[in-house]
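Keep in mind that the numbers below use all heavy atoms, side chains included, and drop hydrogens, waters and symmetry copies.
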Amino acid sequence: MKGLILCAGRGSRLHPFSYSQPKTLLPVANHPVLHYCIRKLREVGIQDIGIVIHPSQSQIPPMVGDGSQFGATITFIRQEVRLGIAHAVQLAQPFLQDEPFILLLGDNLLMDSLHGLTKAFTKGKADGVVMLSQVERPQDYGIAEVQKGRLISVEEKPRQPKSNLAVIGAYLFTPPIFESIATLQPSPRGELEITDAIQSMINRGFKLAHSVTNGKYSDVGTIDRWLEANQWMLTRELGNQHQIGKGTIVKNSKITGPVLIGDDCVIENCQIGPYVSIQNGVSLKNCSYLENSILLENCSLHDIAWKITNSVFGRSSMMTGQSSNSTGVFIVSDKSSICIPAVKREDV
């Protein structure tokens, strides 16, 4: 069995950070989301992995390499024009050939393993398996209808949902998926939809099984979901502890876990945590309170009296200055600077 990870998406909902790097490389608990996808495939024994990228995503191959750091072999597949998930799968057919494969979206973060997919495939002798999760608002998702263990239909954002089981972006397919994709017409948004390909397989009489996950998941497609995913990944990895990288100096600071601090950082006179990820080379000095935030490489925050929460600071960004006691939410792009002036108070 092979693996396929799709990374060619634009990531427009993660601007400004996805302007400067692909969204699949944005870190959760200081590791790119794409690395988690590769590790999920390795957990179920998959070594031969294809990654679909857009030509503009030149940062992905150096970050992943040949796959040897994961015990895998990586093949990069170019999607010149972004025409949807099913189109990306179609482009990967020469790589996948006639083998079953697990398909993951490169911005998806799953807490559970993929063993549920492989077990449902083997046990049910299925032609494909779709991972599902129960959701509170099925109207907002692609929803599956299941009868007697078989997937009967998939409907995108239905007005009257037939279940609360949402498709969450992890699939196992066999070669008949390519025949179904070949029959598709572009959807109203101009893409070849994977849900249409699944429905085509069902209509042609192929058996589609399903696997239900109870673990947390996120498509890490917005700033809020990025912060949420970072929060639960830190909790899973560290509990209520903190971890400090090599060469990092911490002086006169209070750290409340979970907090993950990278290498070669300087932290002085700060109160940090919980739920903070700090990448390499970050400088924090005289920051009164920082929680539930992500700080990318080489950014600096100095002399901040604000309570900073739910914020993301881009690579090599800088914020400095005094202000009155308050709470701030900051989304600061790479190489940006903010100076907060001191507030002059007059005696009454």
Side-chain angles (χ1 to χ4, degrees), residues 1-9 37-38 40-53 67 72-106 108 110 113-132 142 144-156 167-187 191-212:
M1 188 177 295
K2 291 183 177 181
L4 184 66
I5 305 173
L6 308 187
C7 296
C37 293
I38 296 171
K40 287 296 178 185
L41 292 173
R42 291 294 297 118
E43 285 175 4
V44 293
I46 292 177
Q47 293 179 301
D48 204 356
I49 299 171
I51 299 178
V52 179
I53 62 174
T73 300
I74 302 293
T75 300
F76 291 100
I77 301 157
R78 290 164 66 95
Q79 187 180 25
E80 302 282 346
V81 182
R82 297 174 170 108
L83 295 177
I85 294 174
H87 177 254
V89 174
Q90 188 177 48
L91 291 175
Q93 186 174 3
F95 163 75
L96 297 167
Q97 298 184 350
D98 294 326
E99 297 182 44
F101 64 95
I102 290 180
L103 170 66
L104 298 178
L105 308 185
N108 266 23
L110 302 171
S113 77
L114 300 173
H115 286 292
L117 281 178
T118 57
K119 289 179 180 178
F121 176 66
T122 304
K123 182 179 178 181
K125 298 181 180 180
D127 299 298
V129 185
V130 178
M131 183 172 283
L132 307 174
E145 180 185 5
V146 177
Q147 293 182 5
K148 297 181 179 179
R150 293 186 65 162
L151 200 61
I152 302 301
S153 69
V154 178
E155 187 176 4
E156 191 68 27
V167 179
I168 62 170
Y171 317 83
L172 192 157
F173 290 122
T174 54
I177 189 67
F178 299 117
E179 299 170 16
S180 291
I181 293 173
T183 67
L184 298 182
Q185 295 297 318
S187 68
E191 297 186 356
L192 300 182
E193 308 287 356
I194 195 65
T195 50
D196 291 343
I198 293 169
Q199 191 62 53
S200 174
M201 285 188 70
I202 294 170
N203 295 344
R204 293 165 57 216
F206 290 100
K207 182 179 180 181
L208 273 293
H210 70 284
S211 170
V212 178

What residue pairs, at least two apart or across chains, pass side-chain hydrogen bond (donor to acceptor under 3.5 Å, both in side chains) with a residue in residues 176-187?
->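 Sorted result for residues 176-187: E179-R204, S180-S200, S180-R204, S187-E193.
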Can you tell me how far apart [atom1] ([X]) and [atom2] ([Y]) are? Round to the nearest 0.5 Å.
{"X": "L4", "Y": "F95", "atom1": "CG", "atom2": "CZ", "value": "7.0 Å"}
{"X": "I46", "Y": "T73", "atom1": "CD1", "atom2": "OG1", "value": "13.0 Å"}
{"X": "E99", "Y": "D48", "atom1": "CD", "atom2": "CG", "value": "7.0 Å"}
{"X": "I53", "Y": "E80", "atom1": "CD1", "atom2": "CD", "value": "10.0 Å"}
{"X": "Q199", "Y": "L151", "atom1": "CD", "atom2": "CG", "value": "8.0 Å"}
{"X": "I5", "Y": "I77", "atom1": "CD1", "atom2": "CD1", "value": "10.5 Å"}

Below 4.5 Å, heavy atoms only, C-beta onward: do [X] and [Y] meet side chain to side chain?
{"X": "L114", "Y": "M131", "answer": "yes"}
{"X": "T174", "Y": "F121", "answer": "yes"}
{"X": "L132", "Y": "V167", "answer": "yes"}
{"X": "I85", "Y": "L103", "answer": "yes"}
{"X": "I198", "Y": "F173", "answer": "yes"}
{"X": "I102", "Y": "T118", "answer": "yes"}

Nearest heavy-atom pair of [X] and [Y]: which atoms, and what distance?
{"X": "L192", "Y": "P186", "answer": "CD2-N, 3.8 Å"}
{"X": "R82", "Y": "G9", "answer": "NE-C, 3.8 Å"}
{"X": "F178", "Y": "Q97", "answer": "CE1-O, 3.9 Å"}
{"X": "C7", "Y": "G106", "answer": "SG-CA, 4.2 Å"}
{"X": "M201", "Y": "P176", "answer": "CE-CB, 4.0 Å"}
{"X": "A88", "Y": "Q79", "answer": "N-NE2, 3.7 Å"}

Check side chain to side chain donor-acceptor pair (under 3.5 Å) between E145 and all other residues, then give those that pass, not counting sequence neighbours.
->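 If we apply the side chain to side chain donor-acceptor pair (under 3.5 Å) test to E145, skipping adjacent residues, the hits are Q147, S153.
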Give me the one residue out of L41, V44, L172 that meets side chain to side chain contact (heavy atoms under 4.5 Å, CB included) with M1.
-> L172
When you measure from the side chain of K40 to the backbone N and O of L104, does any donor-acceptor pair fall under 3.5 Å?
-> no
Under 3.5 Å, side chain of N108 to main-chain N/O of A170, donor-acceptor pair present?
-> no
Let me see the working for V89 and F101 under side chain to side chain contact (heavy atoms under 4.5 Å, CB included), right down to the final yes or no.
-> CA-CA 10 Å; V89 174; F101 64 95; 3.9 Å; yes
